[in-house]
Structures are given as structure tokens and as C-alpha cells.
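The next block holds one structure in the form of C-alpha cells; read it before the comments.
Side-chain atoms are counted along with the backbone in the values below, which use heavy atoms only and exclude waters and symmetry mates.
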Amino acid sequence: MANDRASDRTGDSASGRANGQWYPPEWPDRIRALAAGTLTPVTPKRAATVMLLKDTGDGPAVHMLRRRTSMAFAGGAYAYPGGGVDPRDDDRDIGWAGPTRAWWADRLGVDEAGAQAIVCAAVRETYEEAGVLLAGPTGDSVVGDTTGADWEADRAALVARELSFAEFLDRRGLVLRSDLLGAWARWITPEFESRRYDTWFFVAALPEGQRTRNASTEADRTVWITPADAVAGYDKGELLMMPPTVASLRGLAECGTAAEALASAPGRDMTPVLAKARLDGGEIVLSWPGHDEFTKHVPNTPSHTAPASPATPSDPTPGAPA
């Protein structure tokens, strides 16, 4: 059934929570440290995440993963398949179909090498975490069933970085179908966060003959759910999500079909969204420009654990920016 319920009445944890929004407890301390100049912002790592859609009788449903509750970063939060750019994702030998790298560079606001890396990351991570591959033998075809021991061996090699995406496509005689993606939004993790990502959000329709599965070691469940139901779960405090996830769902809820979502993507604003923080009397005010619903007023009360300048984190979570 396309619209599986994903209610999680786990209650509020040590992190703050308004509706179903994830909120790390260390933010106030980190914000004060950043303002005082004792915290050096981490350089954000480029990442990509894909909102896979399929049509149902109730409209399009989106494929979502739930982060394992044991994860240090956004445990229990719902997100989309995605992750960081592999340094080899800008390999110029990669098989490519669809809009040119120059077109994608203009759309994504980066240079051509960066555009290829980001698009490749989106396709590669979707295959690594959901088993769905946006590639085909030709520029107008898509692979069908991607299950089986040989496919799984290649997927595992990609995850382990033993195999580059270019090598994987070449071995399979495939070309990446960049035309199956639509750029939807770009969010950058706040400067005061310990894990930072510059993440491009994409939308894509589930290819015919393929099916999703939970192939991610960081997720304990997956669900197909309509954007409207997902947003309703967030508004009721039943589903935990980060601001970019909620914002993207609200946009998707306006689309009647997967094709309509893809058709609307070129008109989406790709201006990066970066959270701001300011001290206002006895509280810290957090805001996300253009997204007033996420504004937070946090008591300006130091905790017992002051943050240090963090080390660079490992791989990002799906849909990473908070």
C-alpha cells in the first residue's frame, strides 16, 4: 500500500522539539560560542538527496527513511535517501545523458565539475540507500529490476568506496540519466552546527520495474507516504523531521502527480537556505529565511557542556541540513 502510516509517538527527547521538528540540545551553547568567536564553523560538505515519488490513488507518495534512533545525529528523524559527494563523482569519463553539465552548473549554482559531482551523488546515493538506479543502457532507457546477488555486490562495493560510480556504470554499460532528476531546493546546515552539509534536494519518479528497499545501514525503516500525510504527522508531533524535509514536503503536497512535481522543478528557487541566530534579551532566536514556521525562541541559558570546535564529521545523513 502506497500510504503506509509512519506514526512514532516516542515523545520528546533531550533535544528540543516543536511539532515534529528535530532540535539539538547543544545549539544554544554553540550559538553563544560562535558569537563569542570561540567556535570555528565547520566547512560544509557537499551532499545530495532525492525525493523518490510514485503515483497512487491519493496522489504522489514519497519514499522516506527513518534514521535509527541510536544515531548521534537526528536519530529517529525521517529523511530521504542521500549523502555526501564522493571525490570521484566528478570523473569526466562518466556515462551521461540528459541536460549538459553546463546546464546543471547554471541550475545548481556551481561549476561544471561540481554539477556533475552533485548529480552523480544524487543518483549514486539513491542506489546505495534505496536500491533504485536512475541509469540505463541508452539515453532514453532505464534499467529494470536491480535486485540479485550481482547487483548487490556492486552496490556494496559502491558503499564501501571500493568502486567509483563511473566504474560501476562502465562495467554495466550504463549512462546516468540526469534528465530523470529535477533540482528542488538547496539548504546549508547552520554555521553553529557540528556537522555541516551543503545539500541539494532533487525530485525523481520511481522508474518502472524498480522497487525501493531499505539498503541503508543508518535507517531502521522505510515508508511510502503522501506528502500531505507526512506533513500532518509532523504537525501533530508524531513524525520527527528537520526543516528542509518539512519544507520540501509542503512543496510536494501541492503537486497532483509525480510528473507534475518534475515539471515544476525547473521553476523552483535554488537560493541556498541558511539558518540565522541572534541574541534577543534573554533568549536566542533561530530563523530560516523564507521559512517563518521554523523560527524558534530558545532560552539563553548556558548548559554544563560548552562546545569545542568540532572535528570534521564523516558521511552525512540523508537530507542532512538541520
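Under the side-chain contact (heavy atoms from CB on, under 4.5 Å) test applied with Arg186, the options Thr271, Asp198, Leu274 reduce to a single match, Asp198. For the side-chain contact (heavy atoms from CB on, under 4.5 Å) criterion with Met64, the lone passing option out of Thr245, Thr222, Leu52, Leu239 is Thr245.
Met242 CE to Phe294 CZ: the interatomic distance, rounded to the nearest 0.5 Å, is 11.5 Å. In this structure, CH2 in Trp187 is found 8.5 Å from OG in Ser248, a value given to the nearest 0.5 Å. Atom CG of Leu158 sits about 5.0 Å away from atom CG of Leu163, to the nearest 0.5 Å. Note that CZ of Arg101 and CG of Asp111 are 12.5 Å apart. Values are rounded to the nearest 0.5 Å. Glu293 CD to Arg250 CZ: the interatomic distance, rounded to the nearest 0.5 Å, is 4.0 Å. The distance from atom CG of Leu262 to atom CG of Asp179, rounded to the nearest 0.5 Å, is 10.0 Å.
Under a 3.5 Å cut-off, the side chain of Glu193 and the backbone N or O of Pro190 do not form any donor-acceptor pair. Thr38 contributes a side-chain N or O that, together with a main-chain N or O of Ala33, makes up a donor-acceptor pair within less than 3.5 Å. For the pair Thr189 (side chain) and Tyr197 (backbone), a donor-acceptor distance under 3.5 Å is present. The backbone N or O of Ala97 sits less than 3.5 Å from a side-chain atom of Ser178, completing a donor-acceptor pair. Judged purely by atom type and a 3.5 angstrom limit, Asp89 uses its side chain to pair as donor or acceptor with the backbone of Asp86. Distance alone, capped at 3.5 Å, is enough to place a donor-acceptor pair between the Asp55 side chain and the Ala258 backbone. The backbone N or O of Val42 lies less than 3.5 Å from a partner atom in the side chain of Arg196, making a donor-acceptor pair. Using modelled atom types, one side-chain atom of Arg30 and one backbone atom of Phe192 make a donor-acceptor pair closer than 3.5 Å. Side chain of Glu129 to main chain of Gly82: a donor-acceptor pair is present (N/O by atom type, distance under 3.5 Å, no hydrogens or angles). For the pair Trp200 (side chain) and Leu108 (backbone), a donor-acceptor distance under 3.5 Å is present.
Checked against the 6.0 Å centroid threshold, Phe168 and Tyr127 count as a close aromatic pair.
Connection of Val142 to Val175 is not established within any shared hydrophobic cluster, with ILVMFWY side chains joined at heavy-atom distances below 4.5 Å, either directly or through further cluster members. Hydrophobic clustering (side-chain heavy atoms under 4.5 Å, transitive across Ile, Leu, Val, Met, Phe, Trp, Tyr) groups Val143 together with Val50. Both Leu252 and Val223 are members of a single hydrophobic cluster when ILVMFWY side chains are connected at heavy-atom separations under 4.5 Å.
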side-chain hydrogen bond (donor to acceptor under 3.5 Å, both in side chains) for Asp58 and Thr56? Distances and angles first, verdict last. CA-CA 5 Å; Asp58 296 322; Thr56 73; 4.9 Å; no

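A salt bridge links Glu128 with Arg161: the closest approach of a Lys/Arg side-chain nitrogen to an acidic carboxylate oxygen falls below 4.0 angstrom. A salt bridge links Asp150 with Arg172: the distance from a Lys NZ or Arg NE/NH1/NH2 to an Asp or Glu carboxylate oxygen falls below 4.0 Å.
Taking the six-membered ring where tryptophan is involved, the planes of His63 and Trp224 are tilted, since the angle between them lies from 30° to 60°.
Taking the side chain as every heavy atom from C-beta outward, Phe165 and Leu176 approach each other to under 4.5 Å. For the pair Arg211 and Thr147, the minimum side-chain heavy-atom distance is below 4.5 Å. Put simply, the side chain of Pro60 does not reach to within 4.5 Å of the side chain of Thr226, judged on heavy atoms.
For Pro289, the side chain to side chain contact (heavy atoms under 4.5 Å, CB included) test picks out Lys276, with sequence neighbours left out.
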